[in-house]
Amino acid sequence: MAKKFVILNGSPRANGNTKALIQAFMKGAEAAGNETICFDLQKMNIHGCLGCTKGGKNPDSPCVQKDDMEKIYPAYQAADAVVLASPMYYWGISGQLKCAFDRLFAVAEIDPHYENPKKDCVLLMAAEGDTESNFAPVKAFYEGLVSHLGWNNSGIVYAGGNMETGDIYNHPEQLEQAEQLGLSI
Ligand SMILES: Cc1cc2nc3c(=O)[nH]c(=O)nc-3n(C[C@H](O)[C@H](O)[C@H](O)COP(=O)(O)O)c2cc1C
């Protein structure tokens, strides 16, 4: 059955390595008959969570802050799978992605028990470092996040060895891995 993928692109580089991973993933996912929508967070007006815990009253517009998250909420609510796509920044995800992800709490607030909607999840990450220890902090964060949300980890692409925009094209196997992951879910 066709699935809906919502992709959150945390890279500030319009044509960066993360975007290349996303494009490969989308190619695979769409070839398998799925629907994809990608939000380039850097181009969007998204403020940090206020921690007010006053959200969830209107399921169509769950956050008290009215900014470009309004475009993401309906896609997220309808999605079967969430793709977290980010460059590694200081052994974590980028601020743009963390900022948007925190705001998804407003959707959990719709439920009286703060239950998050259940999703499949994918991580696509570009980084300069290419060792297991370089990716270890992100792996711990992502696996902890998915486990605590009760989500299903559908796969991870760690694309190390990429510093400058376009370096990833020297690693076609990484783009192939992203495409195959999209195809397989
Ligand atoms: C602010 C900043 C922090 C970074 N931190 C790390 C890091 O902790 N580990 C790493 O391997 N690469 C790090 N990098 C390198 C990026 O992850 C790498 O350039 C990546 O390919 C960028 O992806 P993009 O082209 O999609 O933006 C950092 C880059 C920047 C600009």
Side-chain angles (χ1 to χ4, degrees), residues 4-31 34-49 67-69 71-72 75-76 79 81-104 119-148 151 153-185:
K4 290 190 168 89
F5 289 84
V6 64
I7 300 164
L8 301 178
N9 176 16
S11 173
R13 291 173 168 173
N15 297 305
N17 300 312
T18 306
K19 193 61 186 266
L21 285 172
I22 291 170
Q23 285 164 341
F25 180 88
M26 287 172 74
K27 189 175 166 196
E30 288 169 12
N34 300 304
E35 280 177 41
T36 62
I37 180 166
C38 178
F39 293 99
D40 295 325
L41 302 172
Q42 171 69 10
K43 295 181 193 157
M44 300 174 74
N45 174 32
I46 298 176
H47 295 257
C49 176
D67 58 15
D68 283 346
M69 281 304 292
K71 298 173 185 164
I72 296 179
Y76 168 68
V82 177
V83 179
L84 304 179
S86 181
M88 184 185 291
Y89 276 5
Y90 289 101
W91 298 278
I93 59 174
S94 71
Q96 288 89 338
L97 179 56
K98 184 65 168 60
C99 186
F101 203 92
D102 288 349
R103 295 283 302 284
L104 297 178
K119 308 285 179 190
D120 291 335
C121 196
V122 166
L123 175 66
L124 305 176
M125 175 163 279
E128 180 185 21
D130 197 18
T131 59
E132 203 176 316
S133 73
N134 193 55
F135 283 103
V138 164
K139 183 173 187 287
F141 168 76
Y142 172 75
E143 289 180 352
L145 178 77
V146 166
S147 156
H148 285 286
W151 288 8
N153 174 16
S154 295
I156 302 174
V157 178
Y158 297 121
N162 300 303
M163 184 60 193
E164 304 303 330
T165 296
D167 278 356
I168 198 157
Y169 296 107
N170 298 321
H171 298 106
E173 73 287 356
Q174 294 174 343
L175 296 173
E176 178 64 21
Q177 196 188 341
E179 185 176 339
Q180 286 304 319
L181 182 58
L183 200 56
S184 69
I185 299 172

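Read the numbers this way: they start at 1 and go in the same order the structure lists the ligands and their atoms. Every value quoted in this text rests on a predicted model; they were computed, and no experiment measured them.
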Distance-only N or O hit between ligand 1 and [X], under 3.5 Å:
X	value
Asn162	yes
Gly129	yes
Gly16	no

Separation between OG of Ser94 and CG of Leu8, rounded to the nearest 0.5 Å: 10.0 Å
Please list the nearest protein heavy atom to [atom] with its residue and the distance rounded to 0.1 Å.
atom	answer
atom 30 (C) of ligand 1	Tyr89 CE1, 3.4 Å
atom 23 (O) of ligand 1	Pro87 CB, 3.3 Å
atom 19 (O) of ligand 1	Met163 O, 2.8 Å
atom 26 (O) of ligand 1	Thr18 OG1, 2.6 Å
atom 27 (O) of ligand 1	Ser11 OG, 2.9 Å

Please work out, at 4.0 Å between heavy atoms, whether the side chain, the backbone, both, or neither of Thr165 comes within that distance of ligand 1. neither
Within the supplied structure, the quantity of interest is the number of heavy atoms (other residues, nucleotides, ligands) at a distance under 6.0 Å from Lys119 NZ; does it exceed 12? yes
Are there more than 12 heavy atoms of other residues, nucleotides or ligands under 6.0 Å from atom CG of Asn15? no
Gln174 (side chain) donor-acceptor with Gly160 (main chain) under 3.5 angstrom: yes
Can a side-chain donor-acceptor contact be found between [Y] and [X] if the only test is distance below 3.5 angstrom?
X	Y	result
Asn153	Tyr142	yes
Asn9	Asp40	yes
Gln177	Glu173	no

ring-ring contact (aromatic ring centres under 6.0 Å, His included) partner of Phe135, chosen from Trp91, Tyr158, Phe141: Tyr158
Heavy-atom proximity to atom 5 (N) of ligand 1, best of Tyr158, Phe135, Trp91, Tyr90: Tyr90
Taking atom 7 (C) of ligand 1 as the point of reference, which of Glu164, Met88, Arg13, Glu128 owns the nearest heavy atom? Met88
